[in-house]
Amino acid sequence: VSVTVPGPPIEDLGSDLTGMPIDPELLHVVQAMVEHKSGELVYTRRWLHARPEVSRAEHETTAALRERLQAEGLSPRVLSVGTGLICDIGHEGPLVALRADIDALVMHDAKDVPYRSMNDGACHACGHDVHTAVVLGAGLVLRELIDSGRIRGRVRLVFEPSEESLPGGALDVIADGGMDGVQGIFGVHCDPKIDAGQLGCRIGPITSASHHVAIRMTGPGGHTARPSLTVNLADEVARVVRELPGVVQAAADGLAADPARGEVRLVFGTIHTGSASNVIPAEADLTGSVRTPDPTVSDALMTIVPQAIAAVLGTDMRPDAEGHEGSRPDGLHWYLRHRPGVTPVINDAAATRMIASAALVAGGPDAVCDTAHSWGGDTFGWYQGLVPGCYARLGTHWPERPDRLDLHRPTFDVDESAIPFGTKSLVLAAIGWMTALG
Ligand SMILES: [Zn+2]
Ligand SMILES: [Zn+2]
């Protein structure tokens with residue numbers, strides 16, 4: 001016996017998308033269990049929201065999660081980096097991981113709500129408090145279902161620290177064996193562009209690779225009256241800012257497996273040079289990010305960017321201890337510190353259809369929508385290099401509210417009806433994936 005919900009005509013997901021096959025009685029139990037827990041989950045989200053902790057400092061969050069899981073008789077393992085944890089549920093059968101990131105941002109909380117941040121300078125403005133509550137809730141429900149023998153399989157809860165800092169805590173999870181034996185992974189991220197009650201799904205790249213770029217340029221310096229006697233450093237800096245993105249793009253063209261995904265965005269965020277209006281500076285520092293949805297282009301950027309700097313400035317180029325450098329006979333030097341960031345999140349087709357089907361069953365025929373590729377980054381892509389998985393966008397916008405909030409804004413907040421819906425979607429996706437694996 002199975003429940004079938006007609007799916008939306010979403011080209012990307014397949015027009016035949018329907019609700020996952022599930023015993024209606026089991027579905028009823030899942031719905032009732034999540035509704036029963038939704039008060040605790042909203043409370044948990046608000047508790048976390050009031051106590052945000054930034055990357056690598058998630059000690060109180062980690063302790064609270066550990067205590068809650070231990071109270072259920074579970075044995076969570078704190079990661080060896082000291083924050084974040086992994087908790088296994090069940091003893092036999094296929095292993096599915098559910099991932100939440102737990103860190104907050106270094107920023108002010110400008111909201112006037114009872115659960116406003118009590119930690120000055122830290123704010124859950126990316127919704128990781130919601131992700132944590134949803135994965136905790138899904139874990140508690142799946143634990144009851146497994147223990148009561150209603151379903152067979154194993155679940156690993158991954159509470160990842162320092163997602164907001166490059167290259168991200170996913171690498172710490174993996175280093176501690178967090179993906180060992182895992183046969184599928186699901187996670188959600190809040191999205192205020194989507195209404196609460198909907199899950200935005202996309203097969204293939206959904207976020208971008210993002211790398212930090214830092215360039216130091218030096219020259220002999222001199223008098224602004226006589227630029228011909230020296231290197232006009234401000235002019236060289238301007239050429240890098242204006243010309244480098246185009247040269248990098250030209251070098252990347254043709255490398256992407258799918259030409260539609262070969263775009264590169266190199267954008268500078270800081271430029272610091274000079275101290276006086278009549279002195280040609282001897283030093284300049286530029287920082288920015290370079291992003292692409294394509295993993296091949298992402299890898300190639302490590303060599304494309306230094307080659308492009310050398311081409312723009314007409315210098316030689318050689319690797320050095322921390323990156324690349326180059327120079328010109330007139331005394332211009334540059335040093336590139338190219339810190340690799342995150343890889344793109346690339347959603348597995350079967351896993352994406354599974355969580356979309358789960359959301360349809362959880363929320364009805366309007367519960368799934370298509371979602372666009374974003375130029376942001378997320379560490380979830382590190383897991384997908386090892387395990388098939390899907391990262392979906394959990395709608396958090398209040399349908400009746402006229403203004404639309406954005407992530408990383410000091411006023412970010414969510415329609416908390418997203419919490420039980422997200423929990424149900426993850427529970428059902430895990431059940432579906434375990435069932436499919438047998
Ligand atoms: Zn964020
Ligand atoms: Zn985030």
Side-chain angles (χ1 to χ4, degrees), residues 45 48-49 51-58 61-62 65 83-84 98-111 117 119 121-136 158-173 185-194 196 199-202 205-212 265 267 269 289 291 293 341-347 371-384 389-397 404-416 418-419 422 426:
R45 181 259 161 169
L48 293 167
H49 197 90
R51 295 162 185 79
E53 295 175 299
V54 301
S55 303
R56 309 223 171 270
E58 310 94 335
T61 305
T62 299
L65 289 167
T83 58
L98 302 179
R99 174 271 201 165
D101 37 14
I102 64 171
D103 56 330
L105 290 155
V106 183
M107 59 184 284
H108 177 66
D109 185 343
K111 295 188 298 300
S117 170
N119 297 345
C123 179
H124 266 301
C126 204
H128 298 188
D129 50 341
V130 173
H131 313 162
T132 304
V134 162
V135 166
L136 176 68
V158 174
F159 295 101
E160 174 190 323
S162 71
E163 191 282 326
E164 295 281 1
S165 73
L166 299 180
L171 296 180
D172 300 316
V173 171
I185 182 164
F186 295 94
V188 293
H189 199 293
C190 290
D191 190 342
K193 292 191 294 299
I194 299 173
L199 195 70
C201 298
R202 179 175 198 79
I206 185 168
T207 70
S208 298
S210 173
H211 309 294
H212 175 80
R265 279 193 187 168
V267 177
S289 68
R291 298 166 187 270
V342 291
T343 192
V345 172
I346 301 177
N347 283 332
T371 185
H373 160 259
S374 110
W375 285 93
D378 194 292
T379 60
F380 195 85
W382 293 124
Y383 302 122
Q384 292 166 312
C390 179
Y391 166 100
R393 300 198 187 285
L394 181 65
T396 58
H397 176 68
R404 208 169 269 276
L405 300 171
D406 196 7
L407 298 170
H408 290 209
R409 264 199 211 160
T411 52
F412 179 71
D413 205 348
V414 304
D415 179 340
E416 288 170 329
I419 293 173
L426 283 180

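Throughout, residue positions are numbered sequentially from 1 according to the sequence presented. Atoms within each ligand, like the ligands themselves, are counted from 1 in listed order.
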Practice task
Look at the N, O or S atoms of His128, main chain and side chain alike, and state whether any lies under 2.8 Å from the Zn ion (ligand 2).
Solution key: yes

Problem - Atom of His189 closest to the Zn ion (ligand 2), considering N, O or S atoms - result: NE2

Exercise for the section: Flag the pair Thr396 / Asp191 as yes when at least one side-chain heavy-atom distance between them is below 4.5 Å, and no otherwise. Expected result: no

Problem - 2.8 Å cut-off met by an N, O or S atom of His131 to the Zn ion (ligand 2) - result: no

Exercise for the section: Give a yes/no answer: is there an N/O/S atom of Glu164 under 2.8 Å from the Zn ion (ligand 1)? Expected result: yes

Fill in the blank from the handout: Sorted by chain and residue number, the side-chain contact (heavy atoms from CB on, under 4.5 Å) partners of Thr62 (sequence neighbours excluded) come out as Glu58, Val78, Thr83, Leu85, Ile102

Handout entry: Student check: side-chain heavy atoms of His373 and Ser208 closer than 4.5 Å
Key = yes

Problem - Side-chain H-bond candidate by donor/acceptor type, Ser289 with Arg291, under 3.5 Å - result: yes

